[in-house]
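Atom set for the values below is all heavy atoms of this structure, side chains included, hydrogens, waters and symmetry mates excluded. Treat the numbers as computed from the prediction; the structure is a model and nothing was measured. Proteins get letters first, then strands, A, B, ... in listed order; numbering begins at 1 in each.
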Amino acid sequence: MITNKMRLEIDAKSENESFARTVVAAFVARLDPTLEELNDVKTAVSEAVTNAIIHGYNEMKGTVYISCLIDKNTVLIQIEDHGIGIEDIGKAMEPLYTSKPDLERSGMGFTVMEAFMDSINVTSNIGKGTLITMKKTFDSIHNRVD
Amino acid sequence: MITNKMRLEIDAKSENESFARTVVAAFVARLDPTLEELNDVKTAVSEAVTNAIIHGYNEMKGTVYISCLIDKNTVLIQIEDHGIGIEDIGKAMEPLYTSKPDLERSGMGFTVMEAFMDSINVTSNIGKGTLITMKKTFDSIHNRVD
Amino acid sequence: MTLEFEQLDRNLVVKLKGELDHHSAEIVREKIDRSIDRGGIKNLIFDCSKMDFMDSSGLGVMMGRFKKLKSMGGQVVISGINPNIDRVFKLSGIYKIISKYENLEKAIEKLGEGK
Amino acid sequence: MTLEFEQLDRNLVVKLKGELDHHSAEIVREKIDRSIDRGGIKNLIFDCSKMDFMDSSGLGVMMGRFKKLKSMGGQVVISGINPNIDRVFKLSGIYKIISKYENLEKAIEKLGEGK
Ligand SMILES: Nc1ncnc2c1ncn2[C@@H]1O[C@H](COP(=O)(O)OP(=O)(O)O)[C@@H](O)[C@H]1O
Ligand SMILES: Nc1ncnc2c1ncn2[C@@H]1O[C@H](COP(=O)(O)OP(=O)(O)O)[C@@H](O)[C@H]1O
């Protein structure tokens, strides 16, 4: 298997956060990542999906789009919402910045995504939505036997 | 949670068969099914996805579309391909009928789907593709505490 | 799916571990046929005690091995089947041609040395 | 995520089992605050030895409890953190305000009776 892809659409509901990261982990598992690498991906996906639900859609009705593309030992993950969008991406990505301190958000979501993935790119349009693109290359593939 | 839905698109590759049934099982798990009920769903999904890959797309390039809708304790599962379609659905659904005995197919796929789900509906158009709609209601929901 | 082979006299025991679907069926078929083609084997025992999942693609593999060995005068038997997988087998009527045993020991006892 | 509460003198031990994300955070927060509001508690110990997963929503819950108890003169500590979750904590700088202990026993020893 050289390349493989999947696309998942879920309701923007908090009970789907764990489903979303489980699906991505199951898809990526074929690359035989270490438990740490798998946890990194799950955590980053959890952050991005949670943001789509609480910030993008303000915890109202909506759909979150998740796509994964495996190319050799690299996975490209995109998480998209058609929600309110981000006005100032630079500010949003600052550690500890949150627009929802009342919801006890830590403002660490983007920082976690940046730390746990090799790269992250954010594009957003006010009133149109937000697209997070993250990439990670797994080292462990070199140890594979089959 | 009263209703919840998801839609998954995967490459028509045999290595995605186990991924597909794992995803549906993970989605349905929130209904707290028995292990037997969960196995029924996994088996039926495996049959339909496999058919899309080998029969619908003749093991060539294509996309398989899987959607799940949970409504109370019932799950509706649709598996669709945009492949060759089925000429005679009645014949296709007969136990032991297979158009690919050379591939050692058993001809039991539809029979398994019928036996393991509460209902199954097949619509197909030659050259356009096939849509399998299956439904199952879980008894075990009555035992749930939360 | 991982496979373990063990030859006891002229019986080949194939222990199936994991999930048997269309994807794994291709590999399973190929590996078993390679063993049979090496010669010295009359009967085949599928030990399913570690098989967690099987769909109708698994039936195809077993029926295919049945046909192959029957033409050589041997037989195929199955052992250690869990209830979920048993339902797939029952639906197909495969038990008319392939006998089922509770466990591997009983299957071997019944087949004898495969002479 | 399931929660287990144990009160030791004026220390409340909250054992977190499973996955702590935004979805479970809401329930966790509510249950802990209900316990605190009942009175008699000064310090809070998050026993994370059975927590398999946590994202930044978990940080929010812990910082929120820290603020609440600090205003009442108490403190929050964490114990039994696995390496993956430790990385999330470290990124946030939370260890400047919430101390971490290897295990529950050490945390309790340090806090004393919470008088
Ligand atoms: N999908 C999104 N749609 C709209 N705004 C977003 C989205 N994701 C993040 N943001 C904005 O960026 C801020 C920082 O996000 P993050 O670092 O994840 O912290 P937190 O979720 O804890 O607020 C959020 O508070 C929000 O204002
Ligand atoms: N998605 C599909 N597209 C085209 N033909 C199909 C599809 N699914 C099933 N069929 C036809 O129906 C027949 C019976 O299917 P099934 O009962 O699953 O048995 P098997 O897969 O073992 O052949 C297949 O052999 C094929 O001819």
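- The local environment of NZ in B:K135 is sparse, with at most 12 non-hydrogen atoms from other residues, nucleotides or ligands closer than 6.0 Å.
- Counted within 6.0 Å of NZ on B:K5, heavy atoms from surrounding residues, nucleotides or ligands total 12 or fewer; the atom is thus considered open.
- Of all the heavy atoms in B:L96 and C:S92, the pair that sits closest is CD2-O, 4.4 Å.
- Within the 4.5 angstrom heavy-atom criterion, only backbone atoms of B:L103 (N, CA, C, O) approach chain C.
- Residues B:S106 and C:S56 come closest through the heavy atom pair OG-O, 3.2 Å.
- Between C:F53 and B:S18 there is no side-chain heavy-atom pair separated by less than 4.5 Å.
- The two residues B:V112 and C:V88 make their nearest non-hydrogen contact at CG2-CG1, 4.3 Å.
- To the nearest 0.5 Å, the span separating OG on B:S46 from NE2 on C:H23 amounts to 11.5 Å.
- C:D52 and B:N39 make their closest contact through O-OD1, 4.5 Å (heavy atoms, listed as atom of the first residue, atom of the second, distance).
- Residue B:D40 touches chain C through its side chain alone, counting heavy-atom pairs closer than 4.5 Å.
- Residue B:I126 qualifies as enclosed at atom CD1: its count of foreign heavy atoms under 6.0 Å is above 12.
- Between the side chain of B:E104 and the main chain of C:G64, no donor-acceptor pair closer than 3.5 Å is present.
- For C:M62, no part lies near chain B; criterion is any non-hydrogen pair under 4.5 Å.
- Of the residues B:M113, B:E47, B:M108, the one that meets the side-chain contact (heavy atoms from CB on, under 4.5 Å) test with C:D55 is B:E47.
- Taking every heavy atom of both residues into account, C:E19 and B:K42 meet most closely at OE2-NZ, 3.7 Å.
- In this model, a donor atom of one side chain and an acceptor atom of the other lie less than 3.5 Å apart for C:H22 and B:E17.
- Heavy atoms of B:E114 lying under 4.5 Å from chain C are absent altogether.
- The closest side-chain heavy-atom distance from C:R87 to B:T43 is not below 4.5 Å.
- Under a cut-off of 6.0 angstrom, the local environment of NZ in C:K67 is sparse, with at most 12 non-hydrogen atoms contributed by other residues, nucleotides or ligands.
- Annotation for C:Q7: atom CD counts as buried by contact number, over 12 foreign heavy atoms lying within 6.0 Å.
- Within the 4.5 Å cutoff, no side-chain heavy atoms of C:D21 are placed close to those of B:T50.
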